[in-house]
2 protein chains.
Amino acid sequence: MSKKPKLETVAKEAGVSVATASQVMRGAGRISELTRKKVRLAAKKLNYVPDGRAAAMRSGENREIGLSIHKIANPFNAEIISGASDLFESEGYLLSVLDARDDAERQRNQLEAFIRSTRGGVLWVPAEDTPKSTFELLTTHQLPSVTFLRRSEFADLDHIGIENAKATAEATHHLAELGHRRIAFLGGTARVAVRSERIEGYTSALAQLGLGAPIVWDCEDGRVAGMQAMDEIRRQHPDVTALVCNGDMVAIGACLALQRRGEMPGREVSVVGFDDIQDAELAVPPLTTMAVSPYMLGRKLARVMLERIREPDMPITVSHVPARMVLRETTKPPMQR
Amino acid sequence: MSKKPKLETVAKEAGVSVATASQVMRGAGRISELTRKKVRLAAKKLNYVPDGRAAAMRSGENREIGLSIHKIANPFNAEIISGASDLFESEGYLLSVLDARDDAERQRNQLEAFIRSTRGGVLWVPAEDTPKSTFELLTTHQLPSVTFLRRSEFADLDHIGIENAKATAEATHHLAELGHRRIAFLGGTARVAVRSERIEGYTSALAQLGLGAPIVWDCEDGRVAGMQAMDEIRRQHPDVTALVCNGDMVAIGACLALQRRGEMPGREVSVVGFDDIQDAELAVPPLTTMAVSPYMLGRKLARVMLERIREPDMPITVSHVPARMVLRETTKPPMQR
DNA sequence: TGACAGGGATAAAACGTTATACCAAAATCC
DNA sequence: GGATTTTGGTATAACGTTTTATCCCTGTCA
């Protein structure tokens with residue numbers, strides 16, 4: 001119908017000043033109960049919704065947070081987003097999400113867009129090969145930023161990660177206890193910290209157990225890449241009887257490849273995944289994996305961001321959420337030959 | 001270091017007025033090449049990024065679009081988002097995504113948040129049971145809105161859908177040609193138009209073929225629900241030899257259940273999926289499915305939104321993208337008994 | 001009664017841009 | 001060479017809020 005109502009319209013309708021109306025809307029200041037009612041009534045009648053950007057501009061407060069992640073479609077990531085969203089929502093913040101598709105340049109543009117559209121803070125997992133300049137961009141604009149999952153060497157930012165090394169070490173020990181002697185690491189592509197941490201845990205466990213040289217096999221994150229990789233490994237390393245994987249998708253792919261060859265996960269090759277996505281439990285056979293709660297990670301993420309916003313000079317926080325082993329059916333003692 | 005630079009800072013640095021600086025930044029007005037250079041240099045030097053909300057507020061233009069969808073983690077949906085994002089990005093718009101998790105109330109809150117934070121438009125797929133009031137919210141605020149995938153009876157909005165009925169009819173005919181006589185429809189829960197359209201296509205094909213009463217089986221969207229449903233169907237309708245599914249996830253779940261029972265997709269029961277998500281091709285055996293290009297759908301979505309923004313009084317557009325059958329290995333002639 | 005306190009409301013200045021109107025100087029015209 | 005146009009630039013008022021300082025009024029106290 002009519003034009004979009006502004007505070008002035010509401011004030012006029014209620015017969016008060018804009019200043020008063022503003023105070024009522026925010027529940028601030030000292031205004032009598034009578035006028036409060038009048039204003040609220042007028043606002044309702046006109047279907048008034050305040051203009052957030054004008055408010056934000058004047059007050060300096062900013063209740064919009066941006067998030068940029070390498071892959072929205074990944075269910076693990078989606079759960080993190082849910083967790084963060086929920087907490088933000090309950091605090092009156094709005095989280096808006098962008099998919100960087102692991103492209104450092106696209107991500108830089110996204111971060112710039114966040115700055116232009118004045119987000120109050122940014123949560124992000126740095127794309128592979130993120131240059132130092134991207135981090136500088138954030139610091140020169142004094143934008144509260146928290147990274148998660150992947151930590152960069154350049155980052156001088158709050159961070160929430162996973163106890164990666166500890167987890168893969170645990171997985172490796174588990175496989176060794178079952179009797180496996182030739183254990184490989186599968187998944188991921190180089191240059192992100194998550195992966196090097198996981199490889200580190202795997203490698204050091206191997207060393208500690210005296211189990212010979214590590215075998216690290218690169219592959220993209222995803223079912224299909226996992227399948228191809230498994231086929232290759234069977235061909236080139238027929239002595240490998242167990243796999244520690246960089247993610248559940250790869251692990252499931254590996255299992256599928258085994259089945260396609262007429263073999264069985266847990267028989268010819270034992271497989272441990274990482275993340276415990278929903279599919280891990282549903283796979284046939286169900287996947288043994290290192291579980292972390294992405295939802296909780298998301299909530300924690302949001303909490304750290306809120307603290308950082310409230311206390312910009314707080315020292316940098318780096319924290320790690322634990323992973324626990326979930327035993328299912330893809331890890332068994334090796335076959336006797 | 002210093003405070004965040006504003007246009008005034010840049011102008012001072014370049015020795016010109018704010019007005020001039022503004023014009024240079026936007027590439028508008030009549031300014032000599034010399035001063036253009038000076039201003040651009042100053043801007044770069046100070047790492048200046050304009051405050052989008054101040055600009056938007058004054059100019060009335062708004063280059064932020066909101067999107068609310070029922071499930072971000074769904075790879076089909078994620079592809080739609082990518083498509084829309086890409087087109088928006090190339091036009092200088094920013095798309096921010098919210099996950100409604102198919103909760104009408106949460107979605108309403110998200111839309112309200114979009115209004116408060118003055119998005120220039122909203123793309124959304126209505127959650128199940130979205131009440132009329134949600135649509136009214138959008139119209140009273142004159143917010144350019146486009147729905148997609150699911151069309152509501154209340155909606156008086158632009159819409160992009162899929163040729164659902166046509167696709168399931170085609171799938172049903174395909175199965176009938178292979179020789180199947182007892183064909184069931186599996187997947188989805190009631191009350192969204194996508195599903196009723198698909199059921200409609202299935203049912204009318206059945207009628208046309210003279211194949212008896214339809215069997216429609218509800219289940220949640222997802223692998224696990226599909227598995228459970230398949231087990232139930234085998235038990236209660238042993239005569240069913242083919243399935244038209246509401247989505248690939250459910251279809252894959254159904255296939256998994258068959259395998260778990262020692263049966264084979266395409267042998268005991270033929271299965272046709274819907275969407276052609278990446279996993280459909282990778283599944284063992286690969287899934288026959290009705291393919292639609294979610295990326296293209298996303299681009300189209302963005303294009304419609306831009307048109308609507310440019311031409312607010314344009315008549316409502318409702319368009320449908322086609323689905324084409326992709327033959328793989330889960331549909332075969334029925335076994336002889 | 002005069003001073004004072006304090007509750008209730010408001011005018012006006014800000015926030016960082018863009019749009020409008022206007023001006024000075026240089027260039028063009030007849 | 002004076003009038004007119006063009007070019008390049010600027011001062012200033014918006015945009016819709018919040019904040020600050022200020023003001024008026026009523027009641028209280030000594």
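Labels below follow one simple rule: chain letters A, B, ... track the order of the sequence lines, proteins then strands, and each chain is numbered from 1. Fair warning: this is a prediction, and the values are worked out from it, not measured in the lab. We use all heavy atoms of the structure for the numbers below, so side chains are in, but hydrogens, waters and symmetry mates are not.
Of all non-hydrogen atoms in A/V16 and A/A21, the two that sit nearest each other are CG2-N, 4.3 Å. A/M305 and A/I65 make their closest contact through CG-CD1, 4.2 Å (heavy atoms, listed as atom of the first residue, atom of the second, distance). Scanning both residues, B/T147 and B/R151, for their nearest heavy atoms gives OG1-NH1, 4.3 Å. Between A/S68 and A/Q110, the shortest heavy-atom contact is OG-OE1, 2.9 Å. Here the shortest heavy-atom pairing between B/P5 and B/L46 reads CG-O, 3.4 Å.
Atom CD in A/E61 sits about 17 Å away from atom C1' in D/dG16, given to the nearest Å. Here D/dG8 presents its C1' atom at 11 Å from CG of B/L34, a figure rounded to the nearest Å. B/L7 places its CG atom 13 Å from the C1' atom of D/dT10, with the value rounded to the nearest Å. One interatomic measurement links the two molecules: CZ of B/R116 to C1' of D/dT17, which rounds to 15 Å at whole-angstrom precision. Between the NZ atom of A/K6 and the C1' atom of D/dT18 there is a distance of 15 Å, given to the nearest Å.
For the pair B/S32 and D/dG8, the criterion of a side-chain N or O lying under 4.0 Å from OP1 or OP2 is not met. Considering only side-chain N and O atoms, B/T35 lies nowhere under 4.0 angstrom from the phosphate OP1 or OP2 of D/dG8.
With sequence neighbours left out, B/D129 forms a side chain to side chain contact (heavy atoms under 4.5 Å, CB included) with B/R191. Here B/R30 pairs with nothing under the side chain to side chain contact (heavy atoms under 4.5 Å, CB included) rule; sequence neighbours left out. A/E307 pairs by the side chain to side chain contact (heavy atoms under 4.5 Å, CB included) definition with A/M314, not counting sequence neighbours. Among residues two or more places apart in sequence or in another chain, the side chain to side chain contact (heavy atoms under 4.5 Å, CB included) test is passed with A/S85 by A/I81, A/L95, B/R101.
For the helix from C/dT1-D/dA30 to C/dC30-D/dG1, the angle separating the two terminal helix axes comes to 50°, with each axis derived from five pairs and the value rounded to 10°.
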Tabulate atom names and distances for all N/O pairs under 3.5 angstrom spanning the protein and nucleotides 19-22 of chain D.
unit_1, atom_1, unit_2, atom_2, d
D/dT19, OP2, A/R26, NH1, 2.6
D/dT19, O4', A/R58, NH2, 3.4

I'd like a table of atom pairs between the protein and nucleotides 24-28 of chain D - only N or O on both sides, under 3.5 Å - with the distance next to each one.
none

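For residues 126-162 of chain B, every residue pair satisfying the ring-ring contact (aromatic ring centres under 6.0 Å, His included) rule, not counting sequence neighbours, is listed here: B/W124-B/F135. Within the structure, no pair that satisfies the ring-ring contact (aromatic ring centres under 6.0 Å, His included) test touches residues 21-80 of chain A, not counting sequence neighbours.
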Can you give each donor-acceptor pair under 3.5 Å made by side-chain atoms of residues 49-58 of chain B, sequence neighbours left out, with the distance rounded to 0.1 Å?
unit_1, atom_1, unit_2, atom_2, d
B/D51, OD1, B/R53, N, 3.0
B/D51, OD1, B/A54, N, 3.3

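Taken residue by residue, residues 43-53 of chain A places heavy atoms nearer than 4.0 Å to DNA chain D at A/Y48, A/D51.
Using a 4.0 Å cut-off between charged nitrogen and carboxylate oxygen, B/R40 and B/E33 count as a salt-bridge pair.
In this model, no donor atom of one side chain and acceptor atom of the other lie less than 3.5 Å apart for B/T134 and B/Q107. A/R308 and A/T317 share no donor-acceptor pair across their side chains, judged by distance under 3.5 Å alone.
If you walk DNA chain C from 5' to 3' and mark each nucleotide with an atom closer than 4.0 Å to a heavy atom of chain A, the marks span C/dG7 to C/dG16.
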Chi angles and distances behind the side-chain hydrogen bond (donor to acceptor under 3.5 Å, both in side chains) call for A/R63, B/S117: CA-CA 9 Å; A/R63 300 184 153 270; B/S117 48; over 6 Å; no
